[in-house]
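Structure, as structure tokens:
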Amino acid sequence: MSRYPMYGVQDEQVPVWSRGGSVLESQGGHHPQGYNPYGYSPQMGGGHTTIIHSHTKPQSDADMYKVGIYGWRKRCLYGFILLLTIFVVLNIALTLWIMSVLDFSSEGMGALKMDEDGVRVTGRAQFDLPVHFSQLSTARDEALTIDSYRGVHLQSRNLSGDISSRFSLGQEGRTTAVCDKFEIFDKTNKLLFYADSNEVGLKLENLRILDEGGSVFEGAIQTSLLRPEADTPLRLESPTRGIVVDAAQDIEVLSSAGEINVNSLLDMNIVSKQGKIRLESSAIYMEGLARSNGRGINQYQVCVCHNGRLFMAEESADCRADRSICT
């Protein structure tokens with residue numbers, strides 16, 4: 001180690017290292033003949049020699065610059081690190097507290113659970129903004145309740161994005177359904193009721209009207225049978241208009257255990273264009289007829305055949321008829 005000089009220490013006896021491999025004495029010593037202080041010698045065939053000299057004086061501790069943070073800067077840095085650590089700890093503690101209050105877990109948050117099939121809400125849920133979903137269902141042993149203070153509105157759209165049907169439950173107690181055709185089916189997928197812009201249909205075996213005052217129909221009614229409840233009379237009435245009973249074939253008015261009353265303020269006409277009008281009873285009464293006192297012109301007589309057919313005879317003739325009348 002004595003071959004290498006001490007950097008920054010003046011010692012005339014310390015040798016200086018040269019690239020050529022020789023060791024030269026320091027300044028003040030004996031130099032060989034042809035010594036060149038710049039390291040160039042013609043006899044060496046143009047070789048290059050580098051010599052390192054050190055003349056640096058050693059510095060005192062007061063003159064040396066110390067690298068680092070000292071004094072008030074160091075105290076400010078430690079205070080900032082301490083304050084940052086406090087904020088980080090408070091943030092972590094507040095985050096954990098919020099997660100515990102909201103019941104965060106790997107399955108979801110509180111009553112909101114994330115399943116493979118969708119989102120499951122346990123208990124009651126309140127939505128302040130619109131919610132979009134393709135299916136809404138409950139557990140097998142629970143009922144679905146939809147509650148709203150401003151009404152419930154359900155609507156669907158077609159492929160073009162236009163609203164095709166809408167169902168509304170208004171807060172004023174009004175239910176509205178807007179669609180092209182409204183249909184009601186039973187559990188066997190049998191059509192019970194339908195309504196569109198042209199007609200309203202009921203496909204039922206029995207239509208029961210429970211109103212004591214009856215029902216009011218503004219248009220025509222088409223049915224094959226009209227009957228009341230048991231022990232209840234059937235009454236057809238038109239207070240301000242007429243009643244027309246029309247059928248392509250037969251019209252049968254039957255009372256199995258009661259009376260049939262037909263009342264009219266004005267005229268009552270029973271017309272059969274091609275068939276017969278038959279009254280079958282053991283006793284036929286015509287009450288309220290006008291009676292004559294035997295004065296005036298002779299009038300026609302009303303006679304009855306043996307089969308019950310009525311015919312008219314001359315005023316002075318007997319009630320006799322041939323087969324052409326009574327058959």
Side-chain angles (χ1 to χ4, degrees), residues 183 186 190-327:
E183 297 178 342
D186 61 0
K190 179 182 178 181
L191 181 62
L192 302 178
F193 173 83
Y194 70 92
D196 54 17
S197 58
N198 296 323
E199 61 180 1
V200 176
L202 293 173
K203 293 187 176 181
L204 303 173
E205 295 182 357
N206 297 315
L207 175 61
R208 180 177 299 178
I209 300 175
L210 303 178
D211 189 9
E212 296 180 357
S215 298
V216 179
F217 300 93
E218 297 181 356
I221 301 175
Q222 182 177 358
T223 180
S224 60
L225 179 62
L226 184 63
R227 66 182 180 184
E229 291 288 336
D231 299 333
T232 302
L234 175 62
R235 184 175 182 180
L236 300 178
E237 181 181 1
S238 178
T240 58
R241 295 294 185 269
I243 296 178
V244 178
V245 180
D246 188 7
Q249 296 181 0
D250 299 337
I251 296 177
E252 182 178 359
V253 180
L254 177 62
S255 177
S256 300
E259 299 178 353
I260 297 177
N261 297 324
V262 180
N263 300 324
S264 175
L265 178 62
L266 299 177
D267 299 338
M268 183 176 62
N269 299 323
I270 301 177
V271 180
S272 177
K273 296 180 179 180
Q274 296 181 359
K276 303 176 181 179
I277 297 177
R278 183 183 300 273
L279 300 176
E280 295 183 1
S281 176
S282 59
I284 297 177
Y285 297 91
M286 294 184 181
E287 298 179 354
L289 297 177
R291 294 184 180 183
S292 175
N293 54 9
R295 300 178 182 179
I297 303 173
N298 295 330
Q299 304 295 331
Y300 293 98
Q301 303 177 69
V302 176
C303 301
V304 181
C305 296
H306 63 279
N307 56 5
R309 182 176 183 179
L310 300 179
F311 67 94
M312 185 175 59
E314 294 293 337
E315 66 276 6
S316 59
D318 297 332
C319 287
R320 295 182 181 182
D322 53 11
R323 294 180 179 178
S324 61
I325 296 177
C326 291
T327 56

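Atom set for the values below is all heavy atoms of this structure, side chains included, hydrogens, waters and symmetry mates excluded. In what follows, residues are counted from 1 in the order of the sequence shown.
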Check your understanding: So which heavy atom on Ala321 is nearest to which on Phe311, and how close?
Key -> CB-CZ, 3.9 Å
Exercise for review: Search all heavy atoms of Leu310 against all heavy atoms of Val304 and return the closest pair with its distance.
Suggested key: CD2-CG2, 3.2 Å
**Study point:** Distance (rounded to the nearest 0.5 Å) between Cys326 SG and His306 NE2
**Key:** 6.5 Å
Exercise for review: Indicate the atoms forming the closest heavy-atom contact of Cys319 with Gln301, along with that distance.
Suggested key: SG-OE1, 4.1 Å
Study note, to complete from the structure: In short, side chain to side chain donor-acceptor pair (under 3.5 Å) pairs touching residues 307-324 with sequence neighbours left out are Asp322-Ser324
Study note, to complete from the structure: Applying side-chain hydrogen bond (donor to acceptor under 3.5 Å, both in side chains) to Asp186 and not counting sequence neighbours gives Thr188
Revision key, fill the gap. Residue set satisfying side-chain hydrogen bond (donor to acceptor under 3.5 Å, both in side chains) with Gln299, at least two apart, ordered chain then number -> none
Point to revise | Spatial distance of atom CG (Leu202) from atom CG (Leu191) [nearest 0.5 Å] | key: 9.5 Å
